[in-house]
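Data first, discussion second: the structure below is written as structure tokens.
Labels below follow one simple rule: chain letters A, B, ... track the order of the sequence lines, proteins then strands, and each chain is numbered from 1. When reading the values below, keep in mind they use all heavy atoms of this one structure, side chains included, and skip hydrogens, waters and symmetry mates.
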Number of protein chains: 2
Amino acid sequence: MDIQLKRGLLDICVLAAIKDGDSYGYKIIRDMKPYIALSESTLYTILKRLEMADMLTVRTTEHDGRLRKYYHITKKGLQRIENFKREWNEILSIYRFVTKEDAKNG
Amino acid sequence: MDIQLKRGLLDICVLAAIKDGDSYGYKIIRDMKPYIALSESTLYTILKRLEMADMLTVRTTEHDGRLRKYYHITKKGLQRIENFKREWNEILSIYRFVTKEDAKNG
DNA sequence: TCACAATACCTCGTGTTACGATGTATTCCG
DNA sequence: CGGAATACATCGTAACACGAGGTATTGTGA
């Protein structure tokens, strides 16, 4: 997918990936892969950004001797998803603008 | 609209705004306004970028003593729009991922 | 005539951001 | 013992939207 198009969707997707249950970095990447691919460096940047914005909270645990940071979505994070749903109508309107045939011909 | 979400749509919208007939900067902004707002500095950056990418050509004319630069979409520009239409399915898939209810509940 | 909006173009600096490259450390498999 | 997978993190870079500011002309109203 076009990188610029991804920009607006990545944050939302990460929030969506944890909204039905806490998750951690590596798993988030795996879960998102069928829909949108992203690198580890990108994800950890996003997770830090979302944490700073109070859209998620972090809980560090140990799993099989390896560090694991579980991310939990907050009220603000859920609101961000709701806001995206509202913006979806604008996106649809743009899609129609882009795909509409020449008014002179139809 | 969220600025990151705009990023992926602006280029496409500018191309869509000239695809049915050559247009110029000021008019493009007016035509796009109902769908997506953008500043002049943003538009001229985009127009230059699209010209460099051979997605449009420029023709300078004089209109009522004022300079006017008409932009014309190229084959490559039209292909960019077609590519967006193909990417639309991916966007829909992401939308469903974001809006789907918790699998455990539905 | 003077001020100001509208038309129409352009440049510069800044902050945000995705990502490749790179690094650390552990477990698992052969 | 080596390499893949798991799991985290930082740094530098390039792309980009936009506000602020600039140039120049044509209306418009007091």
Counting side-chain heavy atoms from CB outward, which of dA9(D), dC9(C), dT6(D) is closest to L67(B)?
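That would be dC9(C).
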Specify the separation, in whole Å, of atom [atom1] of [X] and atom [atom2] of [N].
X: L5(B); N: dT17(C); atom1: CG; atom2: C1'; answer: 14 Å
X: D31(B); N: dA8(C); atom1: CG; atom2: C1'; answer: 15 Å
X: K69(A); N: dT6(D); atom1: NZ; atom2: C1'; answer: 16 Å
X: L47(A); N: dT17(C); atom1: CG; atom2: P; answer: 14 Å
X: R68(B); N: dT25(D); atom1: CZ; atom2: P; answer: 16 Å
X: I29(B); N: dC10(C); atom1: CD1; atom2: P; answer: 11 Å
X: R30(B); N: dA6(C); atom1: CZ; atom2: P; answer: 12 Å

Sequence neighbours excluded - ring-ring contact (aromatic ring centres under 6.0 Å, His included) pairs with any residue from residues 19-47 of chain A
Y24(A)-Y70(A), Y35(A)-F97(B)
Check this for me, if you would: do K6(B) and D2(B) make a salt bridge, where the nitrogen-to-carboxylate-oxygen distance has to be below 4.0 angstrom?
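Looking at D2(B) together with K6(B), the answer is no, because their closest N to O distance does not fall below 4.0 Å.
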Does the protein touch nucleotides 18-28 of chain C at the base, only the backbone, or not at all? Give it as B, S and - per nucleotide, heavy atoms under 4.0 Å.
SBBB----BS-
Indicate whether OP1 or OP2 belonging to [N] is found under 4.0 Å from a side-chain N or O atom of [X].
X: K48(A); N: dT10(D); answer: yes
X: K27(B); N: dT7(C); answer: no
X: Y24(A); N: dA7(D); answer: yes
X: Y44(B); N: dC9(C); answer: yes

Nearest heavy atoms of [X] and [Y], plus distance in Å:
X: A16(A); Y: V98(B); result: CB-CA, 3.8 Å
X: G25(B); Y: L43(B); result: O-CD2, 3.2 Å
X: I28(A); Y: A17(A); result: CG2-CB, 4.1 Å

Apply side chain to side chain donor-acceptor pair (under 3.5 Å) to E82(B) and list each qualifying residue two or more places apart in sequence or on a separate chain.
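E82(B) satisfies side chain to side chain donor-acceptor pair (under 3.5 Å) with K85(B) only.
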Between T99(B) and Y95(B), is there a side-chain heavy-atom distance shorter than 4.5 Å?
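They are in side-chain contact.
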